[in-house]
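Take a look at the structure set out below.
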Number of protein chains: 2
Amino acid sequence: MASEQIPESNIDVQQCRLMAAAWMAHTGVKTRVVDKRNTKIFCGQADGLQCRSLEIFDSLGFADRAWKEANHMIEVGHIPVSRLKFMLKVSANVLPMIRSACGDRIPDTIVGLSRFQQIVLHQGRIERFFLENIKKYSKDTIKVERGVLPESLEIDESKVDDESSFPVTVKLRQLTEEEATPPQAANASKVPDGLFRSNLIQEDDEEDLINKSQARAGASEIVHAKYVIGCDGARSWTRRQLGFELDGEATDFIWGVMDIIPITDFPDIRMRCAIHSAENGSLMVIPRENRLVRLYIQLKEVTPDASGRADRSKITPDLIFGAAQKILSPYKIEYEYCDWWTAYQIGQRVGTSYDAHSRVFLAGDAVHTHSPKAGQGMNVSMQDTYNLGWKVALAAKGIVKRSILSTYQSERRRVAQDLIEFDHRFSRLFSGRPAKDVMDAEGVSMEVFKDAFLKGNLFASGLSVNYGPSNLVAKAGDALVEGDGSKDVRATSTEVSAETFAKKQALATGLPVGMRFNSFKVLNQACARPWHFQERLKADGRFRVVLFAGDILDPAQSERVEKFAAALDAPENFLRKATPPGAAIDSVIEVLTIHSSKRTDTELLRDFPDILHPFDPHVGWDYNKVFVDDESYHEAFGDAYNNYGVDKKRGCVVVVRPDQYVAWVGELEDFKDLQKYFEGCLVLGQHAPKAVNGTNRVNGVNAVNGVNGFNGHANGINGVHGKPLPIR
Amino acid sequence: MASEQIPESNIDVQQCRLMAAAWMAHTGVKTRVVDKRNTKIFCGQADGLQCRSLEIFDSLGFADRAWKEANHMIEVGHIPVSRLKFMLKVSANVLPMIRSACGDRIPDTIVGLSRFQQIVLHQGRIERFFLENIKKYSKDTIKVERGVLPESLEIDESKVDDESSFPVTVKLRQLTEEEATPPQAANASKVPDGLFRSNLIQEDDEEDLINKSQARAGASEIVHAKYVIGCDGARSWTRRQLGFELDGEATDFIWGVMDIIPITDFPDIRMRCAIHSAENGSLMVIPRENRLVRLYIQLKEVTPDASGRADRSKITPDLIFGAAQKILSPYKIEYEYCDWWTAYQIGQRVGTSYDAHSRVFLAGDAVHTHSPKAGQGMNVSMQDTYNLGWKVALAAKGIVKRSILSTYQSERRRVAQDLIEFDHRFSRLFSGRPAKDVMDAEGVSMEVFKDAFLKGNLFASGLSVNYGPSNLVAKAGDALVEGDGSKDVRATSTEVSAETFAKKQALATGLPVGMRFNSFKVLNQACARPWHFQERLKADGRFRVVLFAGDILDPAQSERVEKFAAALDAPENFLRKATPPGAAIDSVIEVLTIHSSKRTDTELLRDFPDILHPFDPHVGWDYNKVFVDDESYHEAFGDAYNNYGVDKKRGCVVVVRPDQYVAWVGELEDFKDLQKYFEGCLVLGQHAPKAVNGTNRVNGVNAVNGVNGFNGHANGINGVHGKPLPIR
């Protein structure tokens with residue numbers, strides 16, 4: 001199966017799929033996850049984790065584990081002026097330019113952008129964190145099924161709009177051990193190329209985390225699913241079943257990658273560093289954990305053939321490393337230990353369509369490929385399924401309207417388009433040619449270059465994503481233009497004029513509608529514990545109404561808050577209507593309050609309406625709903641109101657989607673408009689449909705290049721429909 | 001076995017023992033850990049974790065796990081002035097006094113004392129963290145053996161001074177299932193009293209973490225050990241075998257403890273809070289994780305009998321909770337869920353001796369008992385074995401001289417004495433009687449009270465511990481007076497006059513010799529990553545020389561650093577002499593550098609002598625030894641030189657023990673004195689003794705009240721002696 005052609009990048013499959021599975025685990029949706037391969041990835045593959053990916057990991061509960069084990073990317077490489085006489089030979093143009101433009105050294109992550117900075121950790125550990133998290137939250141019910149192949153996929157189009165139906169049918173087959181074992185790549189080296197164990201990385205047995213089928217090899221099974229998600233890589237089987245295409249092309253740029261422990265006198269080996277030599281091509285240094293360093297090395301001696309593809313068999317570690325040594329000269333570099341290596345040709349493609357009938361979805365490399373050097377592949381792919389997972393889960397549970405599922409394509413295909421454009425510029429810059437032009441007299445000025453560099457950094461953080469208007473995002477603008485240009489998700493319930501929207505957005509200038517909810521520290525009113533507010537926006541499938549209550553001790557403001565709380569509490573309004581009978585009031589929508597009075601002057605039980613800290617006869621008052629923007633004893637002041645751009649006296653109201661994106665901003669008096677928002681996306685007052693009986697299981701699989709599979713889920717059994725989320 | 005008498009506090013056994021086992025795992029010493037019981041503790045038992053305990057957990061690698069799951073203790077309770085008219089009835093004297101003296105609310109942990117603050121987490125989770133950590137670092141070789149009882153303990157006195165001998169013989173017996181199962185306590189309640197699973201706490205199976213013996217019940221085994229550590233509780237079997245006593249007495253104070261989810265209108269239920277009623281006794285509120293609150297409730301209606309002990313059978317949850325309701329009135333409190341409850345009588349005792357021939361040691365409750373309310377029991381007990389474990393491990397490996405083992409008693413028995421004294425004051429204050437006197441006209445002034453309160457807070461943090469002079473702590477003073485008053489550990493190699501010592505201490509005023517090395521943020525020179533410096537002081541058994549290199553760009557200072565480095569590097573000096581042949585230069589003593597020049601003006605490979613970032617032919621230069629006190633991009637400035645009280649130009653040299661205590665301070669020119677320090681405690685140039693053959697296994701067990709066991713270890717097999725520590 002391993003192609004003799006150098007592959008295009010194809011690096012995200014596991015994480016993309018596991019992110020979808022994590023949502024199902026956290027929301028309690030019955031799911032099956034199948035994978036053609038019978039083994040996991042042990043080393044190499046994927047590098048940087050963006051700020052946004054870490055925020056997402058934190059919403060699931062394991063950012064701390066990645067943060068602890070990873071190498072932290074703090075500074076982008078420089079060449080000190082004292083070494084310039086050597087380096088001029090080495091770095092013909094880009095490095096001195098960066099130095100002049102941005103100063104000697106610059107931070108790798110823009111300061112203040114996120115509570116996390118970019119880190120580097122190998123994919124095997126991230127996979128492990130996902131598997132353990134899925135096991136914990138699904139109470140052992142969701143496990144990856146390895147060695148399972150999908151053989152057919154059918155959608156019954158007559159049923160796609162029936163919310164209680166299982167219109168997708170997938171046939172699965174249990175593979176033999178031989179079929180499921182990925183072939184070793186054809187290369188002469190003894191160094192592993194991605195499928196074998198690393199000596200350096202602590203690895204645990206995954207026996208308890210996956211589901212080894214007891215079925216005999218060859219056994220088939222028919223699965224009826226409500227939804228199927230295909231996260232099966234650049235050669236996606238699912239995509240081919242649906243007849244969708246990847247638009248775009250392979251570039252001529254061929255790169256080698258090596259993970260080594262370098263023995264070198266190159267001074268910046270522990271920083272991210274781009275070396276751009278005049279004659280020998282370019283090299284990028286990515287320091288990693290456990291003394292490892294990843295080198296991305298341009299291979300000028302390898303060129304694509306007439307078909308546009310390059311022959312893999314010509315590429316060896318010696319060839320790659322020889323190129324690196326030339327680029328780094330006069331500095332010396334050697335290694336004894338190589339953890340992993342590979343080579344790839346940069347392809348830049350984006351899928352024509354992301355879903356079929358909002359029942360079968362594609363994500364990750366199945367719908368976009370690009371250069372891995374930008375550190376985007378795994379991140380953007382995980383963010384695809386982070387966007388999709390909760391929508392599918394809540395649709396399956398009957399909490400959101402099925403119509404919102406079309407926002408997946410409008411939001412994420414647009415991101416892929418932007419990514420390809422970014423990658424186009426980025427990979428050409430680092431692959432050499434345009435850089436010279438920048439130095440030309442008529443070229444781009446230093447200021448413009450610096451600006452471009454910083455924009456690239458912002459893009460690479462994952463935090464510049466800004467979703468267009470839809471029934472999920474209440475803002476002004478043209479849904480088609482601000483989306484992917486093909487899926488029309490025009491807002492029916494949240495349409496707003498540019499003028500009106502500007503007034504609403506002005507209430508919270510630090511919380512742009514369509515972007516992720518930024519995080520600043522606030523204190524728990526009851527116990528004074530500081531929290532990054534984003535830590536309270538867990539990935540549990542709940543929408544959140546954040547009430548910036550302002551100065552609660554001001555009688556006029558207190559009256560405004562009382563009125564808002566009374567509307568919230570009214571049986572005819574969205575909060576109670578969204579809550580299934582008998583469920584806790586915060587099971588679908590959680591109301592969180594941040595006020596700006598002095599904490600010690602206020603009392604939770606005295607100063608805040610009950611609905612803001614609801615009482616439960618079994619466990620008493622809820623002490624985890626009300627927060628304050630005040631100084632803490634041990635940590636720096638979060639200054640949340642200023643940072644969110646919210647008026648300290650009057651506050652405002654903000655809706656946050658389950659994936660932490662800002663969805664709506666308004667005054668405390670805009671309750672009618674708020675009600676309209678939830679009417680547009682939620683199923684109100686129609687909860688607890690009957691449990692569905694009959695066959696209803698789930699989902700597919702597949703097979704390309706040994707790194708595939710896909711997941712989906714089924715629902716309806718055991719009354720999962722309409723079941724409230726557990727108390728958190 | 002369960003006594004019908006109310007027990008004295010006996011809460012630390014597992015953690016104390018596991019801490020010792022963790023040291024053996026981290027230093028690679030062959031060890032057996034045996035426990036009479038066949039089950040673990042699932043809920044209740046123990047509450048607060050001090051700052052110092054968290055620093056210790058971090059040195060082992062799992063503070064983050066505790067920090068994440070625990071409830072954080074931020075603020076000490078207050079009663080707002082607006083409620084005073086109600087509260088006067090409730091809090092007769094102490095609370096208004098605290099409010100007047102300390103302001104309305106005060107932080108629970110003194111601000112700036114540590115990078116951690118006090119937290120609360122149940123013992124079962126902490127035990128789990130230890131077991132997983134021991135499994136990981138011992139590579140599965142150290143597992144707790146449950147259901148194993150020690151039957152005899154003998155010390156061959158003729159061999160105790162022979163470093164290669166195994167002078168301790170222990171006979172172990174495999175228990176039957178019935179013998180190993182702790183009996184259910186005789187009480188009428190269905191609520192668990194500490195031995196049964198909690199519904200609230202996520203628990204994992206521990207099958208993979210313990211060693212279930214395959215031996216048939218009744219089978220005996222003889223173990224020959226170099227060292228045995230008895231962590232077997234207040235009724236220590238080990239202590240009785242040695243014929244040692246606990247000095248002290250039981251008080252008349254009887255307290256009940258309940259872990260409940262409270263349903264209450266008491267405003268401060270999520271803060272640590274002392275309620276001191278005039279007629280109904282006292283109550284302490286300790287908010288915990290998962291909505292739980294622990295209540296310590298004084299039981300005025302239960303009194304000791306003529307023998308000084310109280311009858312347990314009289315005490316029920318209803319009796320305890322009734323007392324709590326009276327104390328809290330007029331506020332109301334109820335509960336539906338009780339996780340655990342118990343009752344105890346406060347005893348205050350300290351062991352007469354902590355070791356026999358420096359071969360068998362006692363730790364934790366086996367040598368001190370006191371009130372659990374001070375949040376000291378588990379913490380001080382773990383700190384006992386944190387002090388002892390590395391000494392025993394390094395003695396077994398032939399790295400330190402056996403003579404330093406006597407510092408265990410001089411250092412830790414003194415802490416126990418201080419603890420009993422503290423507890424005496426603390427528990428009497430909270431048990432009611434002396435408090436009245438403080439309010440008297442001739443009583444202590446508010447200022448004095450506040451001072452006492454803050455001192456108590458400092459003591460409770462675990463950070464006021466200050467070890468006296470010995471061959472491990474180079475300071476002036478009387479070893480007997482500053483130790484426990486009985487073990488004479490007079491320094492032979494580090495004696496210093498008060499005048500000279502004052503001059504040396506002045507070089508690093510923020511690093512008092514004998515106290516733990518405080519932590520401030522510094523940056524890695526090579527990659528700019530910020531680290532709390534304490535994170536670099538891992539519990540791996542290594543001593544550390546911290547070179548404050550000062551302004552390395554100043555030529556005169558650079559010359560001083562070069563000279564110091566040359567001395568370090570000289571074959572006749574301690575660093576190379578302490579290193580076993582063939583081992584890495586940092587395997588016994590690690591040299592870490594913090595300089596004060598601007599990071600971007602300096603280069604690791606150019607500006608720092610090689611010995612400060614040693615080269616290894618297999619993996620290149622070491623990029624993790626040199627740090628800088630400079631501003632970071634994303635985090636607050638650590639200002640380490642100022643905080644450590646070190647001159648930014650000239651720096652100084654500090655020795656840190658494996659347990660993070662400051663051991664020696666001097667000028668860069670004081671190399672001779674530094675050499676003398678290491679000659680006093682280390683075995684220099686006599687490494688790699690022959691591997692010892694023959695029987696050599698380890699250790700004991702035991703049996704009291706179901707919460708016991710003990711551990712020890714043996715050494716010599718497989719050349720563990722003199723084997724270098726692994727590269728970190």
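Every chain is numbered from 1 and lettered A, B, ... according to where its sequence line falls, protein lines coming before strand lines.
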> With distance as the sole test, does B:K68 use its side chain to make a donor-acceptor pair with the main-chain N or O of A:D64 at under 3.5 Å?
Replying inline: no
> Based on non-hydrogen pairs under 4.5 Å, which of B:M73, B:Q117, B:R115 is most in contact with chain A?
Replying inline: B:Q117
>> Tell me every residue that passes side-chain contact (heavy atoms from CB on, under 4.5 Å) with A:E631, counting only those two or more places apart in sequence or in another chain.
In response: A:F637
Is there a side-chain contact between [X] and [Y], using heavy atoms and a 4.5 Å cut-off?
X: A:I261; Y: B:H618; answer: no
X: B:R599; Y: A:E75; answer: yes
X: A:V619; Y: B:E336; answer: no

> For the residue pair B:I74 and A:R529, what are the closest heavy atoms and their distance?
Replying inline: CG1-CA, 3.6 Å
> Which heavy atom of B:G620 sits nearest a heavy atom of A:R291, and at what distance?
Replying inline: O-NH1, 4.3 Å
> Roughly how far, to the nearest 0.5 Å, is CZ of A:F615 from CG of B:D265?
Replying inline: 9.5 Å
> Once you round to the nearest 0.5 Å, how far does NE2 of B:H634 lie from CZ of A:F116?
Replying inline: 13.0 Å
Counting only non-hydrogen atoms closer than 4.5 Å, does [X] touch chain A with its backbone (N, CA, C, O), its side chain (CB onward), both, or neither?
X: B:P530; value: side chain
X: B:T264; value: both
X: B:P262; value: backbone

> With sequence neighbours left out, what residues match A:D108 under salt bridge (charged side-chain N to carboxylate O under 4.0 Å, His left out)?
Replying inline: A:R272
> Side chain, backbone, both or neither: which part of A:I269 has a heavy atom under 4.5 Å from chain B?
Replying inline: side chain
>> Please classify the contact of A:Y633 with chain B as side chain, backbone, both or neither, using a heavy-atom distance under 4.5 Å.
In response: both
> Going through the checks in order, is the side chain to side chain contact (heavy atoms under 4.5 Å, CB included) test met by A:R270 and B:L604?
Replying inline: CA-CA 11 Å; A:R270 293 305 303 170; B:L604 180 66; over 6 Å; no
